[in-house]
Structures are given as C-alpha cells and as structure tokens.
Student: 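Please find one structure pasted underneath; my questions will follow.
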Amino acid sequence: MFSNVCVIGLGYIGLPTAAALATNGIDVIGVDVNPVTVDLINAGRVPFVEPDLAVAVSGAVAMGRLRATGTPEPADAFIIAVPTPLQEDHTADLSYVRAAAASVAEVLKAGDLVILESTSPPGTTVELSRWLGKYRPDLTFPHGTADAPDVRVAHCPERVLPGRTMIEIVTNDRVVGGVGEGCAERARALYQVFAKGECLLTDATTAEMAKLSENAFRDVNIAFANELATVCDQLGIDVGDVIDLANRHPRVDILRPGPGVGGHCIAVDPWFIVSAAPRQARLVRLAREVNDERPDYVLGEIVRTAERFKDPVIACLGLAFKANIDDLRESPALHIATRLAERQVGRLLVAEPHIGELPESLARTDTVELVDVTKAVRDADIVVLLVDHEAFRGVKRTALRGKAVFDTRGLWH
Ligand code: SAJ
C-alpha cells in the first residue's frame, strides 16, 4: 500500500521512525536541512546516541532502504517530525512546520498522505492542511470538506521515552487523528507497518490535545511532589518518608520530587495548553511555574548551607536532565551547577559518568573540575545529588558522614 515514504526532520523522532519503516520493507527518503546529518546518515551513522538506533540506521542504509537528502522527493506518504520550540511568550514556533509544509507541497500528488508527528498546539494539523491547500490549489485537502480529499492529512504524535525510543516506537499504542474523511484510517495503515501497539483513531485536534495532556499530566504530578518537598522543608520533616507512607494507600501514587523538570517535552508542552486556553488552564500554568521555580529554590538552599563554610568544596553529582542518559538539554542539574560556578560559591567537583568533558557553561570557570563520583564525595564539604543515575546509588553512607548532603532525588532515602 505504501512503497515509499518521505520523513521530514531526522532528529530524535524522525530518524527512529525512518529506520523503523525502512527495516520493515519501505523505501524511505529522509530529509534534513542540516547537511552534516544528511552525510552522516548516508554513511550509515547517527548524529546522536539512542540505544539500538545506530544498528537500525546502518542496516537500513546498507540495504539501500534509507537514503538522506536535503529536500523532499515524491512519495506515497510524508511524515513531518520537525521541532516546534517554545518562544519567549510561551507560544509554539510553528515556522519549521510551515517550512516543511512548503517543501512537501512542491512534490505532492493526488492519493498522498501527510502526517504531522511534531508535538503541536491544538488546531495545528488543520492549519497544516490549510497551508498545503494554499500552496497547491490544484489539489483538494481535508479541511472544510466532507468529501474524500485528494491528499489526506493526519496528526500522529510521538510518545516515545528517550532512551527507550526503538522499543517504544514499536510497542506503544498510537493516537491517530485525521483532519477529514478517511485520513485517520490511511495514517493507521502506515503506522501498522511497524507499530505493534494499538492505533486509536480520532480527529486531529483531539489527538493534539491528548499528546499535550499526557505531558501536562506528568508535569502537574511532578509539581505536586516538588511542592510537597518545599512544604516538608518548611515543616522540618522528610518528604521521602511522607511520600513512601502516603503511597501505601491503594489509590495514591505520588511521583518523586527533584531539582526541577528538564528535557524538551514536559517543560514545554503544557505551555501549548496554556496558550490555547489561558483563562481555563490555571492548574497547568501553576504546575509549570512551580516546576520552573524549583531549581532556584534548590540553589538557594545550597548557597545558604555553603555560607556556613569557609572556602567550601561542593560535589555536584549528575548534570543530565534525568537518570541514566547523557542528555543535558534544559537540565535543571546543569542550571544549578552553572549558577553555583558563576556565583563562585565554592570549588565545584562535578561527577557525571555519561560525559567525557565539562559542558561549555562550566568549562569556562577554573574552579570547576570533572571528576569521578568517589573523588567528588571524598573531597567535598557539601554533597549535592542532582541526578539519580544508577552509578550514584552505591555511594556508601559512611562516605557521606560529616558532610552536608542534599539528595534532591531521594536516591539515598
Ligand atoms: N521527573 C521528576 N520526578 C519524577 C519524574 C520525572 O522530577 O517523578 C523529571 C525528570 O527528572 C526530568 C523530567 O521530569 O527532568 C522529565 O522526565 P520524564 O522521564 O518524565 O519525561 P521525558 O521528558 O523524558 O519524556 C516525556 C514522556 N512523557 C510521558 O511520560 C507522559 C515521553 O513518553 C514523551 O514521548 C516525551 O516526554 C515527549 O517527547 O513528549
């Protein structure tokens, strides 16, 4: 039914999707504006680390099923997986989606399918259909018509967890939202090429909102845990004890407090709900604010403790935005370590087993050193656990004795 597919945007979602299609017998043209990414993929290599991705890509390229290029080529289906970054005013920057629409429009023909995978504010996929209609007045599109359109348009949001992408891309259920007649059904047929999870059909705007709601749900629940942590600090009791005990109730499952919410998804997507319905989305906005304030609250606590020491040595354990990955994007741990360095609070010993050198924001200060966890803990007056990497679990309680300890993740609880 689909012999070739064009995937626009070869990032964390587009490239795994391209590889999944290619390894299931589809000829895939991968499109990216970055020539370095295009060259790397054509050489059978990957531009970022994700378990099992490199093997899938090199195999697909070697079999001649996957080829990367700079502009879209004619295909039966187009999957758009480009960034939708957050702007200063907390709205989504849709310029990459629009640019992708313009480039896809040039090669569209009757019978084609266009899918938006990028996480998008409600209404974006219908807007995409309108944009395509403007670029190609010779074809019919599904917005505003009850008839079968020449080109079908759908939203199928990605839901994979970084670090488990190649597994979850196959096993997760997919929400497939069509813009009009037959769109969701056609998109489902494409995902069924590689997805073993169920494909749940709906309309495009509901699909957009479902995706945003998943991440907002998590954000609100993390904010609740973070707020409990601040309340317990105020009361002088251990939030870990409170949560463990409360979670023994059969219908309570409180998440873990941390130094803030990082990454490119959970800290971003709820804002798309807020900007779509600012007066109604009060809880979602407040959760964002609670989580955004969290790193500076933790920083303040560390600074206050450091003031008790003369020339303190501070161990920062972890820089990644979450456990067991090397991704430092929008990381609250990196934010806290960088502010400590900038404010010259003390000498910093950073332990981050997933990186080989300090990121630029820390490397520019000569009071910061990347060391292993044993040395960091041994030489520190203050030990700050910022990421719950497995590698830190084994730190001996005796090694912490006599030191000020901030376990922001409850790993040693
Ligand atoms: N965090 C806490 N406490 C917790 C859980 C998480 O502080 O109890 C923090 C993490 O440390 C991290 C942040 O929240 O800084 C986000 O981590 P995460 O593991 O919750 O989620 P992401 O951002 O890696 O991936 C999410 C996933 N969404 C959901 O679980 C609902 C993933 O399935 C999505 O595909 C992804 O966002 C996305 O791309 O939207």
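The shown structure was predicted, so the numbers you read here are calculated from the model rather than taken from an experiment. Counting starts at 1 for both ligands and their atoms, in listed order.
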Student: Determine whether any heavy atom of D269 lies closer than 4.0 Å to an atom of ligand 1.
Tutor: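 D269 counts as a contact of ligand 1 under the 4.0 Å cut-off.
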Student: Can you find an N/O atom of P332 closer than 3.5 Å to an N/O atom of ligand 1?
Tutor: no
Student: Heavy atoms only, cut-off 4.0 Å: how does V160 contact ligand 1, side chain, backbone, both, or neither?
Tutor: backbone
Student: In the protein, what heavy atom is nearest to atom 38 (C) of ligand 1, and what distance, to one decimal place, separates them?
Tutor: C265 SG, 3.0 Å
Student: Can you confirm, on distance only, whether ligand 1 has an N/O atom lying under 3.5 Å from any N/O atom belonging to R159?
Tutor: yes
Student: Decide whether a cation-pi geometry holds between R285 and F272; the criteria are a distance under 6.0 Å from NZ or CZ to the six-membered ring centre and an angle within 45° of the ring axis.
Tutor: no
Student: For ligand 1, which atoms, with element, lie under 4.0 Å from some heavy atom of P162?
Tutor: 24 (O), 25 (O)
Student: Walk me through whether F141 and V114 qualify under side-chain contact (heavy atoms from CB on, under 4.5 Å).
Tutor: CA-CA 10 Å; F141 291 85; V114 179; 5.8 Å; no
Student: Starting from atom 17 (O) of ligand 1, locate the nearest protein heavy atom and write down its residue, its atom name and how far away it is, to 0.1 Å.
Tutor: K322 CD, 3.8 Å
Student: Looking only at distance, does P257 have an N or O less than 3.5 Å from an N or O of ligand 1?
Tutor: no
Student: Could you point out which residue of C316, S331, P295 forms a side chain to side chain contact (heavy atoms under 4.5 Å, CB included) with I336?
Tutor: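 Going through C316, S331, P295 one by one, the side chain to side chain contact (heavy atoms under 4.5 Å, CB included) with I336 is satisfied by P295 alone.
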Student: State whether R159 and E168 are salt-bridged, where the test is any N-O pair (Lys NZ or Arg NE/NH1/NH2 against Asp/Glu carboxylate O) under 4.0 Å.
Tutor: no
Student: List every atom of ligand 1 that sits less than 4.0 Å from any heavy atom of K211, numbering the atoms from 1 in the order shown and giving each element.
Tutor: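 So the answer, numbered in order with elements, is 34 (C), 35 (O), 38 (C), 39 (O), 40 (O).
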Student: Can a non-hydrogen atom of I222 be found less than 4.0 Å from any atom of ligand 1?
Tutor: yes
Student: Using modelled atom types and a 3.5 Å cut-off, is there a donor and acceptor pairing between side-chain atoms of T408 and backbone atoms of L385?
Tutor: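 Here the side-chain-to-backbone pair exists.
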Student: Could you tell me whether E127 and R130 have a side-chain N and a carboxylate O separated by less than 4.0 Å?
Tutor: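 A salt bridge links E127 with R130.
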Student: Report the nearest protein non-hydrogen atom to atom 30 (O) of ligand 1: residue, atom name, distance rounded to 0.1 Å.
Tutor: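 I find the closest protein heavy atom is R218 CD, 3.3 Å.
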Student: Is the shortest side-chain N to carboxylate O distance from R136 to E106 below 4.0 Å?
Tutor: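 Not counted as a salt bridge, because no side-chain N and carboxylate O are separated by less than 4.0 Å.
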Student: Look at atom 39 (O) of ligand 1 and say which protein heavy atom is nearest, naming residue and atom and giving the distance to 0.1 Å.
Tutor: E158 OE2, 2.5 Å
Student: T125 and E208: side-chain donor and acceptor closer than 3.5 Å?
Tutor: yes
Student: Show the numbers, then the answer: is there a side-chain contact (heavy atoms from CB on, under 4.5 Å) between V5 and D76?
Tutor: CA-CA 6 Å; V5 173; D76 299 331; 5.7 Å; no
Student: Just say parallel, tilted or perpendicular for the rings of H389 and H354, cut-offs at 30° and 60°.
Tutor: tilted
Student: Check whether any heavy atom of G263 sits under 4.0 Å from an atom of ligand 1.
Tutor: no
Student: Specify the protein heavy atom at minimum distance from atom 4 (C) of ligand 1: its residue, its atom name, and the distance to 0.1 Å.
Tutor: R256 O, 3.5 Å
Student: Spell out, as yes or no, whether a donor-acceptor pair under 3.5 Å connects the side chain of D269 to the backbone of N215.
Tutor: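 No: the side chain of D269 does not pair with the backbone of N215.
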Student: Of the protein's non-hydrogen atoms, which lies at the shortest distance from atom 31 (C) of ligand 1, and what is that distance?
Tutor: N215 OD1, 3.2 Å
Student: Looking only at protein heavy atoms, which one is nearest to atom 12 (C) of ligand 1, and what is the separation?
Tutor: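 Ranked first by proximity to atom 12 (C) of ligand 1 is F321 O, 3.3 Å.
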Student: Sort out for me which residue in D27, I26, L66 forms a side chain to side chain contact (heavy atoms under 4.5 Å, CB included) with L21.
Tutor: I26
Student: Measure the distance from atom 25 (O) of ligand 1 to every protein heavy atom, then report the residue, atom name and distance (to 0.1 Å) of the closest one.
Tutor: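 Result: L161 CD1, 3.6 Å.
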Student: For R409, which part has a heavy atom under 4.0 Å from ligand 1: side chain, backbone, both, or neither?
Tutor: side chain
Student: I need the atoms of ligand 1 closer than 4.0 Å to a non-hydrogen atom of E214, numbered in the order shown.
Tutor: 31 (C)
